[in-house]
Every structure is written in structure tokens, then in C-alpha cells.
Engineer: 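Encoded as C-alpha cells, here's the structure I'll be asking about.
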Amino acid sequence: MNMDSIVSLCKRRGFLFQSSEIYGGLQGFWDYGPLGVELKRNVKEAWWSDMVNGHDDMSTLSGAPSPYSMEGLDCTIIMHPQVWKCSGHYDLFHDHMVDCRETKKRYRYDQINGRWVEAKGRKIFVTAPAGDEEQEHLTKQTLKFFKLRNKHIDDLKWDGPVVCLTNLENFDEVLGPDAKSLGSLTEPREFNLMFKTFVGALSGEEGAAFLRPETAQGIFVNFKNVLDSTRHRLPLGIAQIGKSFRNEITPRNFTFRSREFEQMEIEFFCHPDQSQEWYRYWRDRRLKWYHDLGISGDNLIMREHHQDELAHYSIGTADIEYAFPFMSEGEYGELEGVSHRGDFDLRSHMEGKLDEKSTDLALQLNADGKPKWKGSGKDLSYRDDLTNEKYVPHVIEPSAGADRATLAFLCEAYTEDQQPDEKGKMQTRTVMKLHPRIAPIKAAIFPLVKKDGMPEVAKEVYLDLKKHFKVFYDEKGAVGRRYRRQDEAGTPYCITVDGQTLEDQTVTIRDRDSLEQTRIKIDECESVIRDRIRQ
RNA sequence: GCGGGUGUAGCUCAGUGGCUAGAGCAUCACGUUGCCAACGUGAAUGUCGAGGGUUCGAAUCCCUUCACCCGCUCCA
């Protein structure tokens with residue numbers, strides 16, 4: 001299977017189009033066509049129904065430490081700018097980068113260190129990526145530049161300590177970390193990964209705001225509101241589906257990395273002592289969700305982050321990953337991250353931006369000893385009125401990409417098999433084996449031929465089923481071709497009105513995957529389809 | 001952001017300076033047909049990705065630009 005045939009089918013059948021295609025398209029933006037919008041809606045609805053509205057809050061679910069509540073939320077895309085300063089996104093997403101004109105490499109401005117050095121009567125500033133081996137790298141670069149051997153190492157006259165590149169104003173005498181000639185580094189340029197906009201008519205910095213780069217923060221800042229208005233006890237999960245925006249440097253791989261995308265996120269608030277158990281519960285529960293909707297075990301993996309990849313506050317983070325066809329053998333792309341976030345987010349919105357690098361999660365301070373970004377000052381802790389214990393809840397965050405999930409379902413569904421044609425000759429059939437729950441069209445209704453009153457009966461069946469499901473009517477061309485068209489659309493069932501229908505009020509229902517046809521009564525159509533979708 | 005490749009009908013592609021830009025598949029109509037991409041007849045379909053230039057003449061050569069694919073880079 002290759003990605004091109006999937007992309008081609010998506011366009012041909014109306015799953016996905018390039019945004020603004022008639023103007024040449026816009027990198028990182030995609031539109032969902034008539035079939036695509038149904039598919040994506042079904043994915044989101046399955047998630048919302050399974051996680052929120054259909055959640056059983058009376059029982060202790062398998063793998064869970066206790067019963068828990070779930071609520072939904074829908075927050076704005078533009079929020080108070082301070083939200084992103086305290087969450088850490090503002091600092092993280094405003095990188096200054098320098099490019100090397102010679103090697104075409106790009107570096108983060110603040111992660112390049114260097115030192116003045118003199119040899120052969122010339123003084124240069126030699127640089128290296130910040131890290132344990134930076135002095136080694138500096139020496140090597142210097143020797144190479146001056147065409148000196150290791151034995152001349154003592155001839156190098158170092159001037160001053162290793163300092164960050166940010167201390168320099170002019171890069172003319174700077175040797176890039178991997179460069180051979182001086183002055184190859186560009187001026188630092190700002191990379192804004194958050195989309196910037198302006199609130200109010202004035203477009204000055206005072207009105208500057210950002211499109212959200214994730215939906216999660218809306219949940220954290222509303223935590224108190226949800227608790228107060230619903231009277232829930234912890235543990236409580238709050239769910240949200242919505243658009244997020246990231247100005248990716250290189251959008252690629254169809255909709256996998258888009259600049260505008262939709263997230264399905266849960267922030268699950270619980271007692272710190274139980275957070276580890278809840279983390280494991282959510283990790284396993286979310287993996288099973290993809291599995292139940294038809295992603296095969298071979299293509300789906302759970303990747304636990306290593307201890308050294310984790311932030312200090314986190315007990316664990318696991319990525320649920322899918323073997324997308326555009327990835328190389330053995331590589332996977334992230335569908336969802338499930339992370340234990342401790343009390344980092346709530347405390348950041350209370351006290352101000354915390355330093356995720358410090359072991360005790362201290363408030364991040366400026367040089368003058370004041371908080372770098374001030375929090376809301378509001379108390380977001382929780383009082384358990386049974387035990388009278390007061391604590392800042394810990395959070396488990398299952399954060400899924402709706403577009404990535406939709407793309408994974410499309411890739412997983414794409415199948416080419418061999419089926420005999422009219423003459424018994426084997427023909428390649430393209431079929432989207434989407435799970436019936438997420439299939440855009442649940443059933444297609446055909447008259448076998450366009451005469452003898454068959455279209456009239458078929459239209460009645462169609463109009464009746466339309467009240468319950470997304471269905472499709474087609475009477476054009478040979479019935480075999482109509483079946484194949486529905487196979488490409490992923491329609492799980494085709495109902496055909498034939499000669500016998502006119503005699504005994506029965507129709508045939510054809511299964512997309514097995515091609516088996518069974519004869520059922522017209523009045524049974526709705527319940528048969530409903531039962532089969534539920535399976 | 002850098003390097004390489006690609007861009008012609010809905011899809012897959014042919015067309016290397018010269019007549020009104022083609023093929024297969026798909027689409028639509030009529031007829032035939034009775035369950036898995038049928039057949040016959042007919043029809044419609046293009047700013048040759050966009051803009052500019054060279055030329056008597058450009059899909060074709062040159063420049064700019066946009067998008068997609070691959071490799072870097074990036075990916076909280």
C-alpha cells in the first residue's frame with residue numbers, strides 16, 4: 001500500500017481536498033469533503049460518546065481505581081495572553097533561530113555557546129551546540145579552522161569563558177558550529193509557532209493575542225468553574241474537542257502535520273496518591289479505543305517515554321502511535337499522547353509559570369528575582385468535603401488529534417483485494433474497510449435495474465432509512481459498478497431491490513467486506529443495520 | 001528555511017519550439033441488460049499550477065512564485 005493511492009482516493013471520492021485549491025493551495029491546511037466531514041464527525045462523535053456522554057459513572061470500570069465523572073467543555077480559541085505565558089507555550093514557541101549559510105543547518109540562538117580564541121595572529125569566536133562536550137567541539141573546530149594539528153593545541157590562546165551566542169552583536173568573526181568559514185551565521189530570526197492576532201481595532205502589541213496551540217489550557221483555567229457548577233467530587237475528567245493552531249515550520253505528510261487541526265483532549269483531575277493508577281488506566285483505555293474502532297494491533301503501538309525524556313513533575317508519558325504508510329519501516333506517527341502532568345498546570349495558573357527544569361518545580365524568576373510570568377493568584381486547589389483534605393489535584397492528560405485519528409482510520413481501511421467479475425475473471429477491488437460506526441455512509445440503496453417499478457420501491461426504502469442513518473441512493477449504471485463505488489466510499493452495506501422484492505417485500509443486504517448477500521424483509525432494514533453497526 | 005524531484009481533463013499519464021493539446025479509465029445521456037468495474041451509440045470535460053519574459057510562434061526555453069513528494073531542519 002502506498003500513500004499516493006490513499007491521497008488520490010481521498011480526493012477522487014471527496015474525503016479530503018487541499019485548502020483554497022483553486023488558488024494553488026496553502027501549505028498545512030486541508031478541507032474535508034462530503035465523505036470526509038461525515039467520517040471525521042463520526043470519529044469525534046464516537047470519542048465524545050465513549051468518553052463523555054456514554055460514560056458509566058456509577059461503576060468501577062475495568063482497570064480503574066474507582067468510579068469517576070466526566071463533563072464536557074467548549075472554550076474559545078483566543079484566550080487571555082497570560083494563559084500562554086503561564087502555560088509555558090509563549091516561551092517555548094518563541095524561538096530565535098540562526099541559520100548557517102554554509103551548511104544550511106539551523107540552530108536555536110540560545111543553544112549555541114562559544115568562546116573567543118586566538119591563533120596565528122587572528123582572533124575568532126568559535127561556537128558549538130550547548131552541552132557536555134562543547135569545549136571538545138570548540139577545540140576541534142578551532143584546530144580545523146586554523147589548519148593545526150592536535151600537538152599545537154597549546155598554541156591556542158583562549159580569551160574569556162564559554163558564553164552564549166546571545167552575548168554577541170556582530171557575527172562577522174563567528175565560526176558556525178559546523179562551518180569552515182567565518183560569518184556564515186545569519187542574524188537571529190524569530191520563529192513564531194503560535195499564530196498571532198490582534199484583539200480590538202488597534203494592531204499594537206497591547207492588543208496582541210494568540211490562537212490557541214492546544215485546547216488543554218481552556219480546561220485548566222475553567223477547572224474551578226466546572227467544579228462549582230456541577231458539584232462533582234474528584235476524580236473528574238473534563239473533555240473538549242476543538243481547533244488548535246500551530247505555525248509549523250514544515251507541514252508535511254498529508255494532514256498528519258497541519259497548521260490548523262482539531263484536538264480531542266481530556267484533563268483528568270485526581271488525588272496525587274492515585275494519579276499513578278489513573279495514568280495506567282487512561283493509557284490502556286485509550287489504546288483500546290483505537291483498537292475497538294478497527295486499527296489492527298500490528299499497526300498500533302504504545303511507546304512509553306523513557307525516564308530521561310520526562311519532565312520532573314511527570315510520572316509517565318505514553319504515545320499511542322500508528323504505522324502510517326508515509327513513515328519508513330518500523331517508524332510510527334503519534335496519534336495521541338497520554339501524560340501524567342502532576343499539578344504543573346494548575347499551579348502555573350495559580351502562582352505563575354513554573355520552571356519545569358527545576359526538581360522542586362519552583363516559580364521561574366527573572367534576573368531581578370521577580371516571577372517571570374505572574375499567575376492568576378486564584379486558588380485552584382480542591383477541598384474534599386468528606387475527608388476535609390485540601391490539595392492541588394494531579395492531572396492525567398489523554399490528548400488526541402482528531403485529524404490524525406481520521407487519517408489513521410483512512411489508512412487502515414484502505415484495502416485492495418481480488419474479486420471475480422461478471423465473467424469470473426479476477427479484478428482488483430479498492431475497498432475502504434472502515435468500521436461501520438465511523439463509515440460516512442451506513443448503507444446504499446439500489447434498484448437492481450431502472451425499470452419494472454424497482455426504483456419506486458427503492459426510493460421508499462431510501463427515504464425511510466434516511467430518517468435514521470446517513471444513506472445513499474443510486475440507480476445509475478450496472479449494479480456491479482454501483483457496488484464498487486460504495487466499496488471505495490467505505491459504505492458497509494448495500495440494499496438492493498430486485499424482482500423478488502415486488503412479490504414478497506424482501507430485499508438483499510450485501511456486506512462490503514465479505515460480499516455476502518442475505519435476504520431480509522423491508523421492515524427489518526433499519527433494525528438489521530442498527531444491530532450490525534453496533535457490533 | 002536549504003537541496004533534489006514533480007505539476008497537462010475528475011484519476012493515471014503521453015506530448016522536448018510549429019496545424020484546433022491527446023490516450024486509457026472515470027463522468028453524463030439514450031438504448032440494451034437482471035447481482036459484483038457489462039456492451040453499443042453519442043456527449044461533455046483543459047487559463048498545460050500561477051505571473052512575467054524570450055520568440056513570427058511557448059505545455060515545451062528563461063526568470064519569479066505557489067503547491068505536492070523525498071532528504072535535511074523542526075516537531076512543546
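Here is how names work: the chains are called A, B, and so on, in the same order as the sequence lines, proteins then strands, and each is numbered from 1.
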Engineer: Any side-chain heavy-atom pair from Tyr322(A) and Glu336(A) closer than 4.5 angstrom?
Structural biologist: no
Engineer: Distance check, P atoms only: rC25(B) and rA37(B), in whole angstrom units.
Structural biologist: 15 Å
Engineer: Spell out yes or no: do the side chain of Arg481(A) and the base of rA37(B) have one donor N/O and one acceptor N/O closer than 3.5 Å?
Structural biologist: no
Engineer: Map Arg12(A) and Val497(A) onto RNA chain B by nearest heavy atom, then report which one ends up closer to the 5' terminus.
Structural biologist: Arg12(A)
Engineer: Does any donor atom in the side chain of Asp504(A) or Thr506(A) lie under 3.5 Å from an acceptor atom in the other side chain?
Structural biologist: yes
Engineer: Classify the nucleic acid contact of Phe256(A) as base, sugar-phosphate or nothing, counting any heavy atom under 4.0 Å across all strands shown.
Structural biologist: nothing
Engineer: For atom C1', what is the distance between rG71(B) and rG15(B), given to the nearest Å?
Structural biologist: 31 Å
Engineer: Determine: side-chain N/O of Lys11(A) to OP1/OP2 of rC11(B), distance under 4.0 Å, yes or no.
Structural biologist: yes
Engineer: Measuring from the side chain of Leu515(A) (C-beta onward, heavy atoms only), which nucleotide among rC36(B), rC70(B), rA38(B) has the closest atom?
Structural biologist: rC36(B)
Engineer: Parallel, tilted or perpendicular: which describes the rings of Tyr462(A) and Tyr473(A), with under 30° parallel and over 60° perpendicular?
Structural biologist: tilted
Engineer: Should rA29(B) form a Watson-Crick or G-U wobble pair with both distances under 3.5 Å, which nucleotide is its partner?
Structural biologist: rU41(B)
Engineer: Establish, from distance only, whether the side-chain atoms of Ser87(A) and Gln217(A) form a donor-acceptor pair under 3.5 Å.
Structural biologist: no
Engineer: Considering only atom P, compute the distance from rG24(B) to rC61(B) and round it to an integer number of Å.
Structural biologist: 27 Å
Engineer: Applying a 3.5 Å limit to both distances, which nucleotide forms a Watson-Crick or G-U wobble pair with rU47(B)?
Structural biologist: none
Engineer: Take atom CZ of Arg484(A) and atom C1' of rA37(B), then tell me their distance rounded to the nearest Å.
Structural biologist: 6 Å
Engineer: Quote, to the nearest angstrom, the C1' distance that separates rA38(B) from rU20(B).
Structural biologist: 35 Å
Engineer: Roughly, in whole Å, what's the span from CG in Asp474(A) to C1' in rC36(B)?
Structural biologist: 14 Å
Engineer: Suppose we define a pair by two distances each less than 3.5 Å, Watson-Crick or G-U wobble; what does rC2(B) pair with here?
Structural biologist: rG71(B)
Engineer: What's Glu21(A) touching, base or sugar-phosphate or nothing? Going by heavy atoms closer than 4.0 Å.
Structural biologist: nothing
Engineer: Heavy atoms from C-beta onward define the side chain here; which of rA37(B), rC68(B), rC35(B) lies closest to that of Arg519(A)?
Structural biologist: rC35(B)
Engineer: Return the value, rounded to whole Å, for the distance between atom CG of Leu448(A) and atom C1' of rG34(B).
Structural biologist: 5 Å
Engineer: Just how far is it from atom CG of Leu16(A) to atom CD1 of Ile6(A), taken to the nearest 0.5 Å?
Structural biologist: 11.5 Å
Engineer: Does Gln27(A) make a side-chain N or O approach to OP1 or OP2 of rC68(B) shorter than 4.0 Å?
Structural biologist: yes
Engineer: Provide the distance between the two P atoms, one in rA21(B) and one in rA58(B), to the nearest whole Å.
Structural biologist: 13 Å
Engineer: Do the side-chain N or O atoms of Asn253(A) get closer than 4.0 angstrom to the phosphate oxygens (OP1, OP2) of rC70(B)?
Structural biologist: yes
Engineer: Heavy atoms only, 4.0 Å cut-off, all strands: where does Val449(A) land among base, sugar-phosphate and nothing?
Structural biologist: base
Engineer: When you measure from the side chain of Lys476(A), which nucleotide among rG34(B), rC28(B), rG10(B) comes out closest?
Structural biologist: rC28(B)
Engineer: Report, as yes or no, whether the 6.0 Å neighbourhood of atom NZ on Lys85(A) holds more than 12 heavy atoms from other residues, nucleotides or ligands.
Structural biologist: yes
Engineer: The side chain of Leu26(A) is closest to which nucleotide in this list: rG34(B), rC68(B), rA67(B)?
Structural biologist: rA67(B)
Engineer: Return the nearest nucleotide to the side chain of Glu488(A); candidates are rA67(B), rU33(B), rA37(B).
Structural biologist: rA37(B)
Engineer: Identify whether the distance between the nearest side-chain nitrogen and carboxylate oxygen of Asp487(A) and Arg510(A) falls below 4.0 Å.
Structural biologist: yes
Engineer: May I ask you to verify whether the side chain of Arg429(A) and the base of rC36(B) hold a donor-acceptor pair under 3.5 Å?
Structural biologist: no
Engineer: In terms of the nearest nucleotide of RNA chain B, which residue is placed more toward the 5' end: Pro213(A) or Thr430(A)?
Structural biologist: Thr430(A)
Engineer: Say you pick atom C1' in rA50(B) and the same atom in rG7(B); how far apart are they, in whole Å?
Structural biologist: 11 Å
Engineer: Do we see a donor-acceptor contact under 3.5 Å between the side chains of Thr501(A) and Asp498(A)?
Structural biologist: yes
Engineer: Take the protein atom CZ of Phe15(A) and the nucleotide atom P of rC11(B), then report the distance between them rounded to whole Å.
Structural biologist: 16 Å
Engineer: From rA67(B), rG10(B), rC35(B), pick the nucleotide closest to the side chain of Gln18(A)?
Structural biologist: rA67(B)
Engineer: Hey, does Arg510(A) reach any base, or is it just sugar-phosphate, or nothing, if we go heavy atoms under 4.0 Å?
Structural biologist: base
Engineer: Do the side chains of Glu304(A) and Arg283(A) get close enough for a salt bridge, i.e. N-O under 4.0 angstrom?
Structural biologist: yes
Engineer: Starting from C1' on rG34(B), measure out to CD on Glu503(A) and report it in whole angstrom.
Structural biologist: 14 Å
Engineer: What is the distance from CG of Asp417(A) to P of rA37(B), rounded to the nearest Å?
Structural biologist: 12 Å
Engineer: If I pick the P atom on rC19(B) and the same atom on rA59(B), what distance separates them, to the nearest angstrom?
Structural biologist: 10 Å
Engineer: Would you measure the distance from the P atom in rA29(B) across to the matching atom in rG51(B) and give it in whole Å?
Structural biologist: 34 Å
Engineer: May I ask which nucleotide in the shown strands pairs with rA14(B), Watson-Crick or G-U wobble, both distances under 3.5 Å?
Structural biologist: none
Engineer: Within the structure shown, what part of the strands sits under 4.0 Å from Gly28(A) by heavy-atom distance: base, sugar-phosphate, or nothing?
Structural biologist: sugar-phosphate
Engineer: Using a cut-off of 4.0 Å on non-hydrogen atoms, how would the nucleic acid contact of Glu334(A) be classed: base, sugar-phosphate, or nothing?
Structural biologist: nothing
Engineer: Look through every strand shown and name the nucleotide pairing with rU54(B) as Watson-Crick or G-U wobble, where both distances are under 3.5 Å.
Structural biologist: none
Engineer: Going by a 90° cut-off around 0, is rG34(B) syn or anti?
Structural biologist: syn
Engineer: To the nearest Å, how far apart are Phe254(A) CZ and rC68(B) P?
Structural biologist: 11 Å
Engineer: Distance check needed: rU33(B) P versus Met454(A) CE, whole Å only.
Structural biologist: 12 Å
